[in-house]
Amino acid sequence: DHSTEEGARHVNFALALEGRGRTKEAADILHQTLKLTEGQGELERCRIFEHVDLKRYARFPQFRAGVEKLRPYCTNFEHRDRAVRLQSEGKTDEAIAELQQQLQQNPSYREAYFMLEQIYLKRGDRMKALTVIKKYFETEKDPAERCRAVPLVHLTDYQSLDPLFVGKLRQECETKK
């Protein structure tokens, strides 16, 4: 398992090679790094490659497609940033609206789901929190990514509301271990 720091070092080295006109070697290193980081979360992997200009790698479609698949996990945060500010100002309803817009714009952005969940749980609205979490797990198609998210979810809060959902999710992730 490659660490995020190691991956970032490889990417920086590849970008230095690219700067010296050695695009083929840079692409080889970037593609290898993409493969080596497959066990990490999509957000972490996306952040490793977020500064890579994909236009320069048009001749390397496999690498380019892999990074393009990751990009939604770490881009388009405008509404989330506003939601954080609004929440700190005590404007919870406006923060909820911004997070909902964030998810419309970028449904792959996991943090927005969990921020909404927290807001609803603080309000005592476990049913809305559960609805948001279920939407995340419906949207996220990657089983490994889904299982990485399970520890972030307050499953015990939802056991009595939807035992079938909680049981299915736990079973799905237990079999992955």
Side-chain angles (χ1 to χ4, degrees), residues 2-5 7-8 11 15 30-31 33-58 60-123 125-155 157-158 162 165 168-169 172-173 176:
H2 243 48
S3 72
T4 303
E5 296 82 25
V11 168
L15 295 178
L30 292 170
H31 187 70
T33 303
L34 187 65
K35 286 201 264 186
L36 290 170
T37 58
E38 282 178 353
Q40 295 181 21
E42 306 297 26
L43 174 63
E44 292 80 14
R45 291 179 73 214
C46 182
R47 286 188 175 150
I48 291 171
F49 293 96
E50 70 184 324
H51 299 294
V52 175
D53 181 0
L54 293 180
K55 288 179 237 145
R56 296 177 183 254
Y57 296 94
F60 307 95
Q62 194 175 9
F63 164 71
R64 190 178 165 132
V67 173
E68 284 173 345
K69 183 180 168 217
L70 294 173
R71 288 280 159 97
Y73 288 95
C74 66
T75 56
N76 301 324
F77 295 153
E78 304 82 29
H79 294 289
R80 179 224 158 249
D81 292 344
R82 278 195 290 270
V84 168
R85 183 180 46 77
L86 289 164
Q87 197 172 6
S88 73
E89 295 171 0
K91 299 176 181 175
T92 308
D93 290 331
E94 292 94 331
I96 289 170
E98 287 293 335
L99 289 169
Q100 288 169 338
Q101 284 185 317
Q102 175 67 56
L103 291 174
Q104 284 178 343
Q105 181 181 349
N106 184 357
S108 298
Y109 186 50
R110 180 174 74 187
E111 185 182 354
Y113 292 97
F114 296 121
M115 289 173 70
L116 270 174
E117 177 201 26
Q118 288 301 309
I119 290 171
Y120 289 134
L121 287 176
K122 283 180 185 172
R123 286 184 161 188
D125 195 338
R126 292 182 333 159
M127 204 61 207
K128 277 191 178 174
L130 175 60
T131 301
V132 168
I133 290 308
K134 285 172 109 174
K135 181 70 176 166
Y136 166 74
F137 285 103
E138 288 168 14
T139 303
E140 180 54 67
K141 302 300 182 206
D142 180 353
E145 198 62 27
R146 289 165 50 93
C147 291
R148 272 192 280 277
V150 167
L152 306 173
V153 178
H154 299 87
L155 289 181
D157 289 326
Y158 309 128
D162 193 339
F165 166 73
K168 183 179 169 195
L169 192 56
E172 175 186 333
C173 295
K176 301 279 184 237

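The basis for the numbers below is simple: all heavy atoms, side chains too, and nothing from hydrogens, waters or symmetry mates.
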### Residue list, salt bridge (Lys or Arg N to Asp or Glu O under 4.0 Å) with Arg85, at least two apart or on another chain
Glu89
### Query
Quick check: does any side chain N or O of Tyr113 sit under 3.5 Å from a backbone N or O of Pro107, one acting as donor and the other as acceptor?
yes
### Task
May I ask you to test the Leu103-Leu116 pair for a side-chain heavy-atom distance under 4.5 Å?
yes
### Query
Which residue pairs pass the salt bridge (Lys or Arg N to Asp or Glu O under 4.0 Å) test when at least one of the two sits in residues 43-52, sequence neighbours left out?
Glu42-Arg45
### Query
Which residue pairs satisfy the salt bridge (Lys or Arg N to Asp or Glu O under 4.0 Å) criterion with at least one member in residues 99-120, sequence neighbours excluded?
Arg80-Glu111, Arg110-Glu145
### Message
Test: disulfide bond (SG atoms under 2.5 Å apart). Region: residues 63-106. Which pairs qualify, not counting sequence neighbours?
### Response
Cys46-Cys74
### Message
Restricting to side chain to side chain donor-acceptor pair (under 3.5 Å), what partner residues turn up for Asp53, sequence neighbours left out?
### Response
none
#### Entry: Partners passing ring-ring contact (aromatic ring centres under 6.0 Å, His included) against Phe60 (at least two apart in sequence or in another chain)
none
### Task
Using salt bridge (Lys or Arg N to Asp or Glu O under 4.0 Å) as the criterion, list what pairs up with Glu68, not counting sequence neighbours.
Arg64
Show me the donor-acceptor pairs, under 3.5 Å and distance only, between side chains in residues 131-138 and residues at least two apart or in other chains.
| from | atom 1 | to | atom 2 | distance (Å) |
| --- | --- | --- | --- | --- |
| Thr131 | OG1 | Met127 | O | 2.9 |
| Lys134 | NZ | Asp162 | OD2 | 2.5 |

### Message
Among residues at least two apart in sequence or on other chains, which ones pass side chain to side chain donor-acceptor pair (under 3.5 Å) with Arg126?
### Response
Ser160
### Message
As a quick check of understanding, evaluate side chain to side chain contact (heavy atoms under 4.5 Å, CB included) for Val67 and Val52, giving each step before the final call.
### Response
CA-CA 9 Å; Val67 173; Val52 175; 5.6 Å; no
### Message
Other residues, nucleotides and ligands only: do more than 12 of their heavy atoms fall within 6.0 Å of CZ on Arg123?
### Response
yes
### Task
Without swapping roles, check the side chain of Asn106 against the backbone of Pro72 for a donor-acceptor pair under 3.5 Å.
yes
### Query
What residues form a side chain to side chain donor-acceptor pair (under 3.5 Å) with His79, not counting sequence neighbours?
Arg82, Glu98, Gln101, Gln105
### Query
Under the side-chain contact (heavy atoms from CB on, under 4.5 Å) test, which residues partner Lys168, sequence neighbours left out?
none
### Message
Under the rule for ring-ring contact (aromatic ring centres under 6.0 Å, His included), what residues qualify as partners of Phe77, not counting sequence neighbours?
### Response
Tyr109
### Side-chain (Arg146) to main-chain (Leu169) donor-acceptor, under 3.5 angstrom
no
### Query
So do the side chains of Leu43 and Arg148 get within less than 4.5 Å of each other, counting heavy atoms only?
no
